[in-house]
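Working notes, structure below.
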Amino acid sequence: MTVHQAVLEEARTAIAAAPDATSAMETTVRLLAARMADYTWVGIYLLFGNELVLGPFVGKPSPHTRIPLGRGICGAAASEKATIIVDDVNDDPRYLACSLETRSEIVVPILTRVGENDVLGEIDVDSNRRAAFGAPDKDLLEAIAALLAPRLSRA
Ligand code: SME
């Protein structure tokens, strides 16, 4: 079993056991930051109206606690309803800096249901390593987003 597969199984158990939406999000960001070596900053934004609002996170406090839909890589992923991977944030003009050490980023929307596609929020992960994120990270975080979605819908 790969680390990604093991962490998905741990997330499945932890999210199922979480008593409410907030603790499901907290347990998710803590698990990802603790188990995934390259995940330097892990946070969940929730969509309220046209704004993404930062919820639970692990890492340095971000100046971007509220991001309008049209702004940043976070805003782009929510607008496009699709995962965005940026290998080098210095090359992406959309990037809103959270920490000077950040080199790469992945943002995964949390969608209500496959085929329905309302954005509830997103998982945002930064790494201090260039090109830290690939297909296994996309698969892992999209699977975790699908586990979180029903918990957030009921919140
Ligand atoms: N980098 C994000 C902003 C959030 S911080 O990284 C935590 C963006 O460009 O949208």
Side-chain angles (χ1 to χ4, degrees), residues 3-4 7-8 10-11 14-15 18 20-112 116-149 151-153 155:
V3 175
H4 289 77
V7 169
L8 176 57
E10 288 169 40
I15 291 169
D20 56 33
T22 301
S23 83
M25 292 187 286
E26 285 171 351
T27 197
T28 298
V29 296
R30 276 198 221 113
L31 173 69
L32 290 171
R35 297 279 275 115
M36 303 304 289
D38 281 326
Y39 292 21
T40 314
W41 190 96
V42 183
I44 293 178
Y45 284 87
L46 293 177
L47 186 64
F48 291 99
N50 288 323
E51 210 169 40
L52 292 157
V53 179
L54 182 58
F57 68 93
V58 175
K60 283 196 213 165
S62 168
H64 304 291
T65 55
R66 305 178 85 90
I67 303 176
L69 271 188
R71 298 208 53 223
I73 295 160
C74 287
S79 303
E80 292 168 20
K81 301 181 180 183
T83 295
I84 296 180
I85 293 176
V86 177
D87 285 344
D88 192 333
V89 294
N90 297 319
D91 294 338
D92 195 316
R94 298 171 298 184
Y95 176 64
L96 299 171
C98 172
S99 154
L100 289 177
E101 288 101 60
T102 297
R103 290 300 306 279
S104 56
E105 178 162 14
I106 182 169
V107 184
V108 176
I110 302 171
L111 302 168
T112 41
E116 196 177 305
N117 274 2
D118 281 331
V119 177
L120 297 167
E122 56 193 27
I123 304 170
D124 179 15
V125 185
D126 292 349
S127 179
N128 289 351
R129 192 165 73 79
R130 194 189 171 282
F133 306 107
D137 302 287
K138 179 176 186 285
D139 291 348
L140 168 64
L141 295 171
E142 287 181 354
I144 291 178
L147 294 172
L148 282 174
R151 303 304 305 270
L152 302 186
S153 307

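In listed order, ligands and their atoms are each counted from 1. All values below come from the heavy atoms of this structure, side chains included, with hydrogens, waters and symmetry mates left out.
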Run the side-chain hydrogen bond (donor to acceptor under 3.5 Å, both in side chains) check on T40 and E101 step by step: do they pass?
-> CA-CA 10 Å; T40 314; E101 288 101 60; over 6 Å; no
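- The distance from the CD1 atom of I144 to the CG atom of L32 is 4.5 Å, given to the nearest 0.5 Å.
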Which pairs of N or O atoms, one from ligand 1 and one from the protein, are separated by less than 3.5 Å, and what is the distance for each pair?
{"residue": "ligand 1", "atom": "1 (N)", "partner": "L96", "partner atom": "O", "Å": "2.9"}
{"residue": "ligand 1", "atom": "1 (N)", "partner": "E105", "partner atom": "OE1", "Å": "2.9"}
{"residue": "ligand 1", "atom": "1 (N)", "partner": "E105", "partner atom": "OE2", "Å": "3.2"}
{"residue": "ligand 1", "atom": "6 (O)", "partner": "D126", "partner atom": "OD2", "Å": "3.0"}
{"residue": "ligand 1", "atom": "9 (O)", "partner": "I73", "partner atom": "N", "Å": "3.0"}
{"residue": "ligand 1", "atom": "9 (O)", "partner": "L96", "partner atom": "N", "Å": "2.8"}
{"residue": "ligand 1", "atom": "10 (O)", "partner": "I73", "partner atom": "N", "Å": "2.9"}
{"residue": "ligand 1", "atom": "10 (O)", "partner": "C74", "partner atom": "N", "Å": "2.8"}

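- One distance of note links CD of E122 with CG of L141; it measures 12.0 Å at 0.5 Å rounding.
- Closest non-hydrogen pair, P63 versus C98, comes out as CD-O, 3.9 Å.
- Results of the side-chain hydrogen bond (donor to acceptor under 3.5 Å, both in side chains) test with R103 over D126, D88, N128 single out D88 as the only residue that passes.
- Here the shortest heavy-atom pairing between L96 and R71 reads CD2-NH2, 3.0 Å.
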